[in-house]
Amino acid sequence: MAKYDNNFTDQLRERLSIVDVVSRRVPLVKKGQNYWGCCPFHNEKTPSFSVREDKGFYHCFGCGKHGDIISFTMEMEHVDFMTAIKELAEMAGIPLPEIKQKTKEQIEAEETYISIT
Ligand SMILES: [Zn+2]
């Protein structure tokens, strides 16, 4: 139970396709194995923003942005980690576990993890 944070984010990543999450904001076209769209994080006319559905992450070859469904939601909606989790949980139809104060460290660890990957 103490580890629910990591388990829960894994559950979200398993349940939600990154393509579904990203395509709510960015129109994507499938080319080969990847999905492509114009990067929402920098200005461009030729799509260099790629989404790997099998790996569950996006990568922009123009500006180098890289992340998963959680960091995408955080950056696109300018929300913090917990708000993003909550929103994705609603989207996935998974009830959000009760949040306890103690999990703040786990949240920070998770945020660090996202920014490294
Ligand atoms: Zn970009």
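Indexing begins at 1, ligand by ligand and atom by atom, following the structure's order. Just so you know, these numbers come straight off a predicted model, no measurement behind them. These numbers come from the heavy atoms of this one structure, side chains and all, not from hydrogens, waters or symmetry mates.
At a threshold of 4.0 Å, the pair Glu53-Lys30 does not count as salt-bridged, since none of the basic side-chain nitrogens sits closer than that to a carboxylate oxygen.
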_Please evaluate residues Asn34 and Val51 with respect to the criterion side chain to side chain contact (heavy atoms under 4.5 Å, CB included), reporting the C-alpha separation (whole Å), side-chain torsions for both, the decisive distance (0.1 Å), and the verdict._
CA-CA 6 Å; Asn34 297 354; Val51 178; over 6 Å; no
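Hydrophobic clustering (side-chain heavy atoms under 4.5 Å, transitive across Ile, Leu, Val, Met, Phe, Trp, Tyr) keeps Trp36 apart from Val21.
Inside a sphere of radius 2.8 Å centred on the Zn ion (ligand 1), the protein N/O/S atoms present are Cys39 SG, His42 ND1, Cys60 SG, Cys63 SG.
Annotation: His59 is in aromatic contact with Phe61 [ring centroid separation under 6.0 Å].
The aromatic rings of Phe41 and Phe72 sit perpendicular to each other, their planes meeting at more than 60°, with 30° as the lower class boundary.
Not counting sequence neighbours, His42 has no partner by the ring pair (Phe, Tyr, Trp, His ring centres under 6.0 Å) test.
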